[in-house]
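The structure under discussion appears below in the form of C-alpha cells.
Residue numbering restarts at 1 for every chain, and letters A, B, ... go by the order of the sequence lines.
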Amino acid sequence: MIKEVTDQYNANEIEMKVHEFWEANNAYRAVREHRKGAKKFFFVDGPPYTTGHIHLGTAWNKIIKDSILRYMSMNDHDILDRAGWDMHGLPIEVKVEGALGFESKKDIEAYGVGNFIEKCKEFALRQKDDMTGQFRTLGAWLDWEDPYMTLKDEYIEAAWWTLKQAHEKDLLDTGKRVVNWCPRCETAIADAEVEYEDRDDPSIYIKFKLKDEENAFIVIWTTTPWTIPSNIAVAVHPEFEYARVKAFNTEGDSETLIMATELVENVLRIGRYADYEIIETMSGEDIAGLAYEHPLADLVPLQAEIEHKVYNADYVTAENTGCVHIAPGHGIDDFEVGVKNGLPIFCPVGSNGSYTDEAGKYTGMNIRDANRVVMDDLLEKGLLISEKTISHRYGHCWRCKTPIIYLATEQWFLKIGELKEAMLEEIKKVNWTPDWAGSARFKDWIEGARDWCISRQRYWGIPIPVWKCSKCAKIDVIGTREELVERSGADADIELHRPYVDKITMPCDCGGTMERVEDVFDVWFDSAVASWATLRFPHTKEQFDEWWPADFITEGHDQTRGWFYSQLGASMVAFGKAPYKNVLMHGFTLDGSGKKMSKSIGNVVQPAEVIEKFGADTLRAYVLASSAPWEDLKFNWDEIATIHRTNNILWNVYRFPLPYMALDKFDPQEVSYESVEAHLRSEDKWILSRMQSVIADVNKAMEERLLHKAMRAVNEFVLEDLSRWYIQLIRPRTWTEANDPDKLAVYRVLYDVFVTTAKVIAPFMPHLAEEMYQNLVRNVDENAPATIHLCDWPTVNEALVDTDLEAHMKAVRSMVESSSNARQKVGRKLRWPVSRIVVSPTDENTVAAVEQLRYVLMDQTNAKYIELIEIGESWNELGVEAAPNPGAIGPVFKGDAGKVNAAIASMDAMELKKGLADGEMEIPLADGTNVTITEKMVNFSETLPEAVASAEFAGGVVFVDANLTREIESEGYSREVIRRIQDMRKELDLDVDDSIKAHIQIDDEGVLDLVLDFENYIAKEVRANVLVIGLDVDTTGELAKDWNVEGISMHIAISKEE
RNA sequence: GGGCCCGUAGCUUAGCUAGGUGGAGCGUUCGGCUGAUAACCGAAAGGUCCUGAGUUCGAAUCUCAGCGGGCCCA
C-alpha cells in the first residue's frame, strides 16, 4: 500500500536509508547483472590520484559519470565500469617522506627501498579506501569492489606489455634529453608536474669578448647566472637587424658592443652608458659564426677547450638584447640548438643541483648559491654590464615546491613525434563534446607533440621493464610476469615493484648479465594504459576483444594534455588506434567569484559540507543543472539552495496526494489507466502529454551529452507544469469524498506521472528516485523490479502526445496570468469572484484554447463567465475617446486651429470615428462654419468601462469585469470567513476530517446579511456541525480570534467537536 | 607571449550555430493565495548584453583589437 511521507524533504535521512537498501540488496551488482548480454557500453574511469580526499571537481566528475552510466543502463546497456585509482608516483612518495621525516633520497636508501615502497603502498591503499567512501556518499555507482589499481600486478603488466610494443615497433628510445628536474626529489618530472609561480631571480646583462676583434663584445641577458659556466654558444635570429655599437661610458672610454638594433637604446641605458654611436648594422645571418671567448674559461678548465660561436635560431625574440645565451645542458631550446649544430652537451650539474667536478672552481657548489659567485666573478672581469632582480613566473616542483632546473640527463622516451600524423587522423574519428575540445584544443596540442620522457629516477612506480647487458649493452624489454620468470628463473610470485625486480638478472646472448635499468615509469604512463589494464589485458585477452576500445570517457579540460593525450599516445604505440570513441570534456569548479579553489586562498568548499547541508541529490542536481558540462562552474551556495528548494517542491508535489490516496486505499493495480481513460479531463491529458515531451527532451539532451539541458527540462516540468499548474488544477478533485471516477482519474494520472518522473530523475538524483519508487511501486507490487535502477527508461508514448492541447494550455496559463495582473489593477483579490472575463484574441490558438479549456480558465481566474470575442474585433463595451492632434491641425488651419481643436474635443467620439472611417469628414465649428478634417487630425483611444481592467498577453487581451453584485459580494465575504476559519483549524492542528463548532460575530449588519446567504456553504467548507452567525454571538471556544476583514471586524471562535 | 574556452540584471543563467524590439530563476519591494501551507502565485524596480572599432539598413549574435577570468602551453 502507498504510504504517506514526511512533511519535509529530508535528504540525509532518505539517502542514508537508500544506501542501506542498496547495500542490503546488492543493488549495484543486480543492476549490472540484469543488463548482461545487452549492447555493451565500455566506460573507463579516469583514475583520480589517491590523495585521500575528494573535492568538488572530482565529485562533479563522478556525478557526470554516474548519471550517464545510470541513463545508459536504463536504456539497456551492458556496462563495464571498474573504478580506477592512480596510486604511484612522487606525490605519495613525498607524503611518506614527510611522515617519516626524510629530506632526500639518501634517507630513503638508508631506510631501505623495500620498507619505503611498503609504506607507500599502505598509504595509497588507505587513501583509496577513504576516497571510495566519499565517492559512495555521492551515490556514484561504479564497480567499487573490483577497481583497477595502478599498483596491482595486472596493471603493471599492462604497462610492461605496452612498453614492449614500443620497443618492438622501434618507438622506444634512450638518450640525453633536457628534462624538468627537481633537485630535491632528484628526478625528472613531467611538464604537467611543473607548477608556475612568481619568483625573484637575478636579471643580468653580460658581454662576451669577441675573439678576433679588440675591445668588442656580444651582449646577452639571463636570469640564471649559474648556467653561465655551461655556456656553449650565443643564438641570434637570422632575420633581425643587429648593430655594432660604439658605446661610451661616463669617463669617455668606449668599447664595441653587438646586440639587436631596436634594443640598443634600452640596453645601454640599463648599462649606464653615457653615449653611443651605431657603427654599422647587419642581419643575424651575417653575425652567425662570430667566435667569442667563454667569460669564465679560466675558472672552468673544460670550457677553455671548447669553441664558442654565434648561431642562428628562429625562436630568438626581440627582447633584452636579442642575443641569447645557449647552455645545451640546461634548456630545451638550448639543447636543440646544440644538437642541430653539433655542439657539446655540457652539463656540469649533478642530480642534487650541485656542480660536478667538471665545473672547475664551482665544483660542489649548489647552483643557487653559485649565482652570487658567478656574478662576482663576471664583475671582477668587467664583463657584467648590469645586475638587477626581477620577479617572474618560474617552474616549481608541484610536490615539494622546489624551483626546478633543466638538466640534460639520460632518459627513456617514446617517439610520439613520429606518431603525430596518425594521431591527428585518429582523433577525427572520436566524437567530442563539445566539438571544439577535439577539433581545436586537442588538435592544437597534438600538433605540438614531442617525444614523451617516460622515465623517473624514483622508487614508488611501475619499474621500467628494460634489462640491459652490462657487457654488450643490448637491451631486452619484458612484457609480462610470465616472461620475466621464464627469462630469469625468478620466483613465480615475485613482487613486481622495486627493489625486488631490481635484483633480478638475466643472461645475455653475449654471455654477459642483464640488469634492470633503475628507473620507474612516469605516472602518466600508468594511467595511459588504463583502457586495456582495466580489461586485465594482456593477462587475459577475451575481455579486451569483446570490449575495447572505450565507448565513453569524461574528464576535466586539464586532461586534454593529460589523460586524453597520454591514453592516445600509449594506445597508438600499442594498437595504432584511439582507445576511446566518445569523450566529454568537463569544466572545473571555481569559487563564487570565479577563482580557482585552493587551500592557500582558503576558498575550498568540501563536497561533504554540501551533502551535510543539502544532501547528495541536491549537490548532483546543482552541478548537473547549473552550467554546460564543459564550462567552469562557479560554486554558489544560493544556487544550491535554489535547487534544493526545487527538490523540496518535487517532494511536496509527490507528498500532496498521498494522504488522500492512503485514505481511499487507492491501489494502482486495481485502478488501471484504461479504467479511468474515459474520465480524464483535459488537464489530465495535458500533464500526460507534457510528461512525454519531457522524456523526449531528456533523451535528446542525453544523446548530445548536454546534461544541463536534461536536468533543466526535468526541473522546469516539476516546477511549472506539475507544481504550479497541474496540482493547482486538480486539488479540489482530490477532496471529493465519494469514490467517483473523476477522482480516481486524478489518482491514476498522478500515479503514472510520479512513477515516470521518478524514472526520469533516476540517473540524476538516484536516491530521491529510489525513495519515490519504493513507495509508489514496490509497496503495491512486490513483483516489480527491486530497485528503480533496474527499470527500463520510459519510452515516449506517442498516443499520449497532444501538442495542440499543450499549446492551448500554455495560452490559458498566460490568460490566467494576465487576469491576475488586471485584477491587481482593479484592486480585486482572487478570493472574490468576478462576474466575467472578456477575452479578445489575436490568434486561432487563443480561440481554441478558450473553447477547449473554458472551465479551467473560469476556475483559475475565479470568474463566473468567460466571454470570447472574435479575432480582430474590439470589445463593443469599450468606449472611445477622441482628442485633436494639434500637429496635424495646426499647419492646415493656422489661426483657426484653436476652434477646430475645440470642436473636435466637444464632439461625440463615436460619431467622429464613424465619420472618419472614410478618411475625412465635415464638422461644424462654434462660429457656425463647417470645415473638413482628416483622420490624421484626431487621435482615438479606447476607454474601459467602470471597474474593468485589462491586460495583454501573447495571444490577445483579457478584460476583467470586477463590478460587484450582491451574489459576488456574498460569496466574497463568505470566502473571507471560510479562510479565517481554515486558518484557525490549522492553528488547532485539526485533522482534515475533524468536525467543529463555530461561532461568528459580525459587527456590520450589511455584511452579516451577505454572509448569511452562504451559511450552509460555509458550514460545509469548514466542516462545522454547528455554525452560529450573528450580530451578537457569544464567541468563546477552544480558539477565539478577532479579525478585520476589509475594514469589517469579526469575532470567530471554533472548537473541535468530539 | 601563444592556443582553446568564458564574460548578458545584485547573483545564476537562456538567447549566439542561421543578425531583426534581450527572456527566465534567485534576491529585493509591493500585492495576492491558503487542507502541498516553514509551501505557492502575480506585479514592479533592476541591462553601457566586458570595452572599443568594423561589416551591415540593422549586431548580445559576425569580424578585428583590447580588458577580465579559467585551462593548457611557453
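Applying the side-chain contact (heavy atoms from CB on, under 4.5 Å) criterion to A/Arg1023, with sequence neighbours excluded, gives A/Glu737, A/Arg985, A/Asp993. With sequence neighbours excluded, no residue forms a side-chain contact (heavy atoms from CB on, under 4.5 Å) with A/Lys810. Partners of A/Phe656 under the ring pair (Phe, Tyr, Trp, His ring centres under 6.0 Å) rule, at least two apart in sequence or in another chain, are A/Tyr660. Applying the side-chain contact (heavy atoms from CB on, under 4.5 Å) test to A/Leu663 and every residue at least two apart in sequence or in another chain returns nothing. Taking A/Asp558 as the reference, A/Phe588 meet the side-chain contact (heavy atoms from CB on, under 4.5 Å) condition, with sequence neighbours excluded. A/Tyr747 meets the ring pair (Phe, Tyr, Trp, His ring centres under 6.0 Å) test with A/Phe666; sequence neighbours excluded. Scanning for ring pair (Phe, Tyr, Trp, His ring centres under 6.0 Å) contacts around A/Phe1014 gives A/Tyr1017, with sequence neighbours left out. Contacts of A/Lys1020 classified as salt bridge (Lys or Arg N to Asp or Glu O under 4.0 Å), with partners at least two apart in sequence or in another chain: none. The ring pair (Phe, Tyr, Trp, His ring centres under 6.0 Å) test applied to A/Trp60 returns A/His586, not counting sequence neighbours.
For A/Asn775 and A/Tyr654, the side-chain atoms include at least one donor-acceptor pair closer than 3.5 Å. For A/Trp630 and A/Thr433, the side-chain atoms include no donor-acceptor pair closer than 3.5 Å.
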Tabulate atom names and distances for all N/O pairs under 3.5 angstrom spanning the protein and nucleotides 14-16 of chain B.
none

Look for any protein N or O under 3.5 Å of an N or O in nucleotides 62-64 of chain B and output each such pair with its distance, or none.
none

Please enumerate all protein N or O atoms sitting under 3.5 Å from an N or O of nucleotides 25-28 of chain B, with distances to 0.1 Å.
| residue | atom | partner | partner atom | Å |
| --- | --- | --- | --- | --- |
| B/G25 | N2 | A/Glu639 | OE2 | 3.3 |
| B/C26 | OP1 | A/Arg645 | NH2 | 3.1 |

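With B/C72, B/G70, B/A43 as the candidates, the nucleotide lying closest to the side chain of A/Trp445 is B/C72. For A/Gln728, the listed nucleotide lying nearest its side chain is B/C40; candidates were B/C5, B/C40, B/C72. Side chain of A/Ile649, nearest nucleotide from B/C71, B/A39, B/C4: B/A39. Comparing B/G35, B/C71, B/A43 against the side chain of A/Gln982 picks out B/G35 as the nearest. Listed nucleotides: B/A36, B/C71, B/C4. Nearest to the side chain of A/Asp558: B/C71. Side-chain proximity of A/Ser820 to B/G42, B/C40, B/C71: nearest is B/G42.
Side-chain N/O atoms of A/Arg441 and base N/O atoms of B/C5 include no donor-acceptor pair closer than 3.5 Å. In terms of polar N and O atoms assigned as donor or acceptor, the side chain of A/Ser723 comes within less than 3.5 Å of the base of B/A36 in a complementary pairing.
With a cut-off of 3.5 Å on both pairing distances, B/G27 has no Watson-Crick or G-U wobble partner at all. With both pairing distances under 3.5 Å, B/C71 is matched to B/G3 as a Watson-Crick or G-U wobble pair.
For the pair A/Thr734 and A/His557, nearest-nucleotide mapping onto RNA chain B gives the more 5' position to A/Thr734. Each of A/Asp444 and A/Arg813 has a nearest nucleotide on RNA chain B; the 5'-most of these lies closest to A/Asp444.
Rounded to a whole Å, the CG atom of A/Asn652 is 10 Å from the C1' atom of B/C40. Between A/Asp435 atom CG and B/U17 atom C1' there is a gap of 11 Å when expressed in whole angstrom units. If you take CD of A/Glu336 and C1' of B/A74, they are 13 Å apart, rounded to a whole angstrom. The interatomic distance linking A/Glu976 (CD) with B/G32 (C1') rounds to 11 Å, in whole Å. Rounded to whole Å, atom P of B/G42 lies 24 Å from atom CH2 of A/Trp832. Rounded to an integer number of Å, the gap from OH of A/Tyr726 to P of B/C40 is 20 Å. A straight line from CG of A/Asp983 to C1' of B/G35 spans 11 Å, rounded to a whole angstrom.
Contacts of A/Lys825 with the nucleic acid, taken as non-hydrogen atoms under 4.0 Å apart, are absent. Contacts of A/Leu830 with the nucleic acid, taken as non-hydrogen atoms under 4.0 Å apart, involve only primed sugar atoms and P, OP1 or OP2. Contacts of A/Tyr565 with the nucleic acid, taken as non-hydrogen atoms under 4.0 Å apart, are absent. At a threshold of 4.0 angstrom between heavy atoms, the contacts of A/Arg975 are confined to the sugar-phosphate backbone, with no base atom among them.
Phosphate proximity of B/C40 to A/Arg731: absent, as no side-chain N or O sits under 4.0 Å from OP1 or OP2. The shortest distance between the side-chain N/O atoms of A/Lys634 and the OP1/OP2 oxygens of B/C11 is not below 4.0 Å.
Nucleotides B/G31 and B/G20 have their C1' atoms positioned 37 Å apart, rounded to a whole Å. Spacing of C1' atoms, B/C67 relative to B/U48, comes out at 15 Å, to the nearest Å. A distance of about 12 Å separates the C1' atoms of B/U63 and B/U56, rounded to the whole Å. With C1' as the reference atom, B/A24 and B/G69 are 25 Å apart, rounded to whole Å. To the nearest whole angstrom, the two P atoms, one in B/A44 and one in B/C26, are 15 Å apart. Separation of the P atoms belonging to B/G3 and B/G52 is 24 Å when rounded to the nearest angstrom.
Of the possible donor and acceptor atoms, none in the side chain of A/Trp725 sits under 3.5 Å from a partner among the backbone N and O of A/Glu683.
Ring geometry for A/Tyr9 versus A/Trp651: interplanar angle of 30 to 60°, hence tilted.
A cation-pi contact, defined as under 6.0 Å to the ring centre and within 45° of the axis, links A/Lys613 to A/Trp637.
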